[in-house]
Asks: 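I have a structure here, written as structure tokens, and I will follow up with some questions on it.
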Amino acid sequence: WAAEMMHSRAISRALFAFAMLYLAFLYIPVLLLPLFSFNDNVYVAFPLKGFTFKWYRSLAANQPLVDAFLASVKVGLVVSAVSTVLGMLAAMAMTRYDFPGKRALTSLIMVPLVIPYIILGVSLLVLARQALGINLSLWTIGLSHVLVCVPLAMLVLMARLEGFDKSLEEASFDLGEGAWRPFWRITLPLPVPGIISSFLLCFSTSFDEFVLAFFLSGTEPTLPIYMYSLLRFPSKVPGTLALASCILMGSIVVIVFSEWYRRRGVEAKQGSIV
């Protein structure tokens, strides 16, 4: 028994050490971004030369950067709204109805998640330019992002709708309501936390997507493409680090808010059941 306990403790310590090493490997490079963004030196190296905010002050004065940021925000908001609506409709169909080919259709919708983005980007570029003759713009970027965000939205909302009690709608129908009123007053409010999570996930995916935007962008670059272009010039690297740090902080805020709202929805749902 003592040998078994010793063996179990050794395994636990080994797993804990592995987890710490993995977290360090994952987060230390990310935490270095804010550190070097305050360095008063164009070169990313230790020791740090001094502390400065000038790289952050230069961001607002960089009009091409602001334009790229606004382009990414516009694309992200439209893609998130469209993907969440389509994902909601698809999730409702998959969780509430049985029909022939349901599993095959679900797998078909999920295909963009497993296709390499570089293959998807080349295919969409050929389709847009050679087959359809469409000029590349933010619209082509947005359409490609919808293609990959709809499956994500569908997965999030399917998980939220799995436990939906259909008797709530049936009771509304028994009371003489039509089809739309129960949907707006009963069906839609229940998965609101899932809808918010889906919107934020789709926005984050679209906002930082690079490969599809690289192939399908026109004269208006999105923020990831603009940041990539800055990395070719050593003098622009500190400003890029400052921008990346701002995006990192914004992402943390979005993730924390999304998790808080999701937990709030789960607690409210459990409370209503009790």
Asks: Going by the angle between their ring planes, with limits at 30° and 60°, are Phe18 and Tyr22 parallel, tilted or perpendicular?
Replies: parallel
Asks: Do Val111 and Val122 sit in the same hydrophobic cluster, where Ile, Leu, Val, Met, Phe, Trp and Tyr count as joined when their side-chain heavy atoms come under 4.5 Å apart?
Replies: yes
Asks: Under 6.0 Å from the CZ atom of Phe210, do we count more than 12 heavy atoms belonging to anything else shown?
Replies: yes
Asks: Per the side-chain contact (heavy atoms from CB on, under 4.5 Å) rule, which among Val79, Ile195, Ile196, Val150 passes with Thr84?
Replies: Ile195
Asks: Treating Gln63 as the side-chain partner and Val66 as the backbone partner, does any N or O pair qualify as donor plus acceptor under 3.5 Å?
Replies: no
Asks: Would you check if the side chain of Gln130 reaches a backbone N or O of Leu132 as a donor-acceptor pair within less than 3.5 Å?
Replies: no
Asks: What about Ile119 and Leu125, same hydrophobic cluster or not, with Ile/Leu/Val/Met/Phe/Trp/Tyr joined at side-chain heavy-atom distances under 4.5 Å?
Replies: yes
Asks: For a quick test of reading the model, state the closest non-hydrogen atom pair linking Ile225 to Pro221 and the distance between them.
Replies: CG2-CB, 4.1 Å
Asks: What about the rings of Phe51 and Phe53, do their centers lie closer together than 6.0 Å?
Replies: yes
Asks: Please check if atom CG in Leu32 has more than 12 non-hydrogen atoms from other residues, nucleotides or ligands closer than 6.0 Å.
Replies: yes
Asks: Taking all non-hydrogen atoms of both residues, which atom of Ala91 and which atom of Thr95 are closest, and how far apart?
Replies: O-OG1, 2.7 Å
Asks: Could you give the distance from NZ (Lys54) to OG (Ser37), rounded to the nearest 0.5 Å?
Replies: 13.0 Å
Asks: Is any side-chain heavy atom of Leu113 less than 4.5 Å from a side-chain heavy atom of Leu155?
Replies: yes
Asks: Is there side-chain contact between Ile247 and Met227, with heavy atoms separated by less than 4.5 Å?
Replies: yes
Asks: Would you mind reporting whether Leu105 and Lys102 have side-chain heavy atoms less than 4.5 Å apart?
Replies: no
Asks: Considering only heavy atoms from C-beta outward, does the side chain of Leu147 approach that of Leu124 to under 4.5 Å?
Replies: yes
Asks: Do Ser206 and Ser80 have side chains that get closer than 4.5 Å, going by heavy atoms?
Replies: no
Asks: Transitively linked via ILVMFWY side-chain contacts under 4.5 Å: Val30 with Phe25?
Replies: no
Asks: Parallel, tilted or perpendicular, judged at 30° and 60°: which one describes the rings of Phe69 and Phe207?
Replies: perpendicular
Asks: Looking at Leu136, is its backbone amide N or carbonyl O close enough to the side chain of Thr140 to form a donor-acceptor pair, meaning the two atoms are under 3.5 Å apart?
Replies: no
Asks: To the nearest 0.5 Å, how far apart are OG in Ser144 and CG in Leu127?
Replies: 11.5 Å
Asks: Would a single hydrophobic cluster contain both Ile141 and Trp139, if residues Ile, Leu, Val, Met, Phe, Trp and Tyr are joined by side-chain heavy-atom contacts under 4.5 Å?
Replies: no
Asks: Rounded to the nearest 0.5 Å, what separates atom CG in Leu152 from atom OG in Ser204?
Replies: 10.0 Å
Asks: Please test Phe215 against Val126 for side chain to side chain contact (heavy atoms under 4.5 Å, CB included), starting from the C-alpha separation and ending with a verdict.
Replies: CA-CA 10 Å; Phe215 281 100; Val126 172; over 6 Å; no
Asks: Does some side-chain heavy atom of Leu31 sit less than 4.5 Å from a side-chain heavy atom of Leu35?
Replies: no
Asks: Between Thr205 and Asp208, what is the shortest heavy-atom contact and its length?
Replies: O-OD1, 3.1 Å
Asks: Looking only at heavy atoms, which two atoms of Phe203 and Gly76 are closest? And how far apart?
Replies: CD1-C, 3.4 Å
Asks: Working note: Leu243 + Leu65, criterion side chain to side chain contact (heavy atoms under 4.5 Å, CB included); need CA distance, chi angles, decisive distance, verdict.
Replies: CA-CA 9 Å; Leu243 177 61; Leu65 185 150; 3.7 Å; yes
Asks: Can you confirm whether or not the ring centre of Tyr56 sits under 6.0 Å from the ring centre of Phe38?
Replies: yes
Asks: Determine, using the 4.5 Å side-chain heavy-atom cutoff (strictly less than), whether Phe214 and Leu143 are members of one ILVMFWY cluster.
Replies: no
Asks: Is a side-chain donor or acceptor of Ser137 paired with a backbone partner of Gly218 at a separation under 3.5 angstrom?
Replies: no
Asks: For the CE atom of Met94 and the CE atom of Met154, what is their distance to the nearest 0.5 Å?
Replies: 4.0 Å
Asks: Hey, could you give me the CG/SG distance between Leu86 and Cys149, rounded to the nearest 0.5 Å?
Replies: 11.0 Å
Asks: May I ask you to test the Val148-Leu120 pair for a side-chain heavy-atom distance under 4.5 Å?
Replies: yes
Asks: CG of Asp67 to OG1 of Thr222: how many Å apart, nearest 0.5 Å?
Replies: 12.5 Å
Asks: Where is the tightest heavy-atom contact between Ser198 and Val156, given as atom of each residue plus distance?
Replies: N-CG1, 4.1 Å
